[in-house]
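I have placed the structure first, in the form of structure tokens, so that the comments after it can refer back to it.
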Amino acid sequence: MKTEIIYFSATGTTKAIVTAISNGLNGKVHFTDITLPDKRKDVLTVDSDLVIIAIPVYGERIPHFLFDYIKQLQGNGTLLAAVSVYGNMGFGISLEQFKNFAEMNKFRLIAAGAFIGQHTYASNEAPVAYGRPDVQDMQQAELFAESIQKKIDMGNFACPEIPKCMLPGFITELPDSGTRFLVRQPRIYRTSCNSCGACVQKCPVGAIDPETLKISENKCLRCYACVKVCPKAARTARLRLPFFRTIFYHAGMKRKENQIFL
Ligand SMILES: Cc1cc2nc3c(=O)[nH]c(=O)nc-3n(C[C@H](O)[C@H](O)[C@H](O)COP(=O)(O)O)c2cc1C
């Protein structure tokens, strides 16, 4: 069996989960990393028996810029497994979006999983999903792949039941940069910055000017790729509103478990 794993991962948790998933699959596995803007200039085509798409949840949904990109992919009956990676708050409508995508683009959705990754905004004061995916998560991701493999081997291509999200539909209308109202733009400390440009290269939406290293307020997703890649810890960011900080600190601290739908 040939599997194509298409994934986006600004800070590495989705990448860790798809790596574990690949360990549970038989046959050839090819990875297509669509994190950087240059990668998303390529036209996506299907040339495998199974496609796995893994995307982190932003604002309880698939970010628009990624959804728009994957929508070009036509399945012509190819099997699909959808993976949402989220930071222990909620995966919202993301799996329902994958299900609609499968119907529209003629994929056969046979499996879906919502896996936990350390929350982008986890900090010492609020270590939301800190250290995840952990060993247990990685084992579950591998088992998820083994279950998909078994399902395929048995010739069972049934679509799983995806739970309905209770959130209002307007969350799909919010822009990708909407988090800017909750999270400050990463700042740069000129005294620590050595202008290595790692942040420019790592930004998934090309929001950092290579000359000035300034971040475009409108383009910035607040994904923290730049904060986490900086070898000098010269970029920092903070949650903006005190009430959001409180919700984040309290709502995110109780461990949630991965969920799989087969
Ligand atoms: C802009 C933004 C919005 C997010 N929204 C959610 C959310 O609605 N629910 C949630 O549980 N986690 C949310 N997260 C956390 C990420 O889904 C989580 O940290 C994920 O593991 C990041 O994946 P990556 O490391 O592959 O980039 C959000 C993160 C960002 C940057």
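Indexing begins at 1, ligand by ligand and atom by atom, following the structure's order.
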Can you measure from NZ (K106) to CG (L73) and round to the nearest 0.5 angstrom?
-> 13.5 Å

Result for ring-ring contact (aromatic ring centres under 6.0 Å, His included) between F115 and one of F91, Y7, F144 points to F144

Throw together a table of side-chain donor-acceptor distances under 3.5 angstrom for residues 43-61, partners on residues two or more places apart or in other chains.
residue: D47; atom: OD2; partner: K2; partner atom: NZ; Å: 3.2
residue: S48; atom: OG; partner: L50; partner atom: O; Å: 3.2
residue: D49; atom: OD2; partner: K2; partner atom: N; Å: 2.7
residue: E60; atom: OE1; partner: G92; partner atom: N; Å: 3.2
residue: R61; atom: NE; partner: I171; partner atom: O; Å: 2.9
residue: R61; atom: NH1; partner: D176; partner atom: OD1; Å: 3.3
residue: R61; atom: NH2; partner: L174; partner atom: O; Å: 2.6
residue: R61; atom: NH2; partner: P175; partner atom: O; Å: 3.4

Spacing of D134 atom CG and Q140 atom CD [to the nearest 0.5 Å] | 8.5 Å

List by chain and number: which residues place a heavy atom under 4.0 Å from ligand 1?
-> S9, A10, T11, G12, T13, T14, P56, V57, Y58, G59, E60, V85, Y86, G87, N88, M89, G90, G117, Q118, H119, T120, Y121, T179, L221, R222, C223

Do F244 and Y224 sit in the same hydrophobic cluster, where Ile, Leu, Val, Met, Phe, Trp and Tyr count as joined when their side-chain heavy atoms come under 4.5 Å apart?
-> yes

Considering only NZ, NE, NH1 and NH2 on the basic side and carboxylate oxygens on the acidic side, decide whether K150 and D153 come within less than 4.0 Å.
-> no

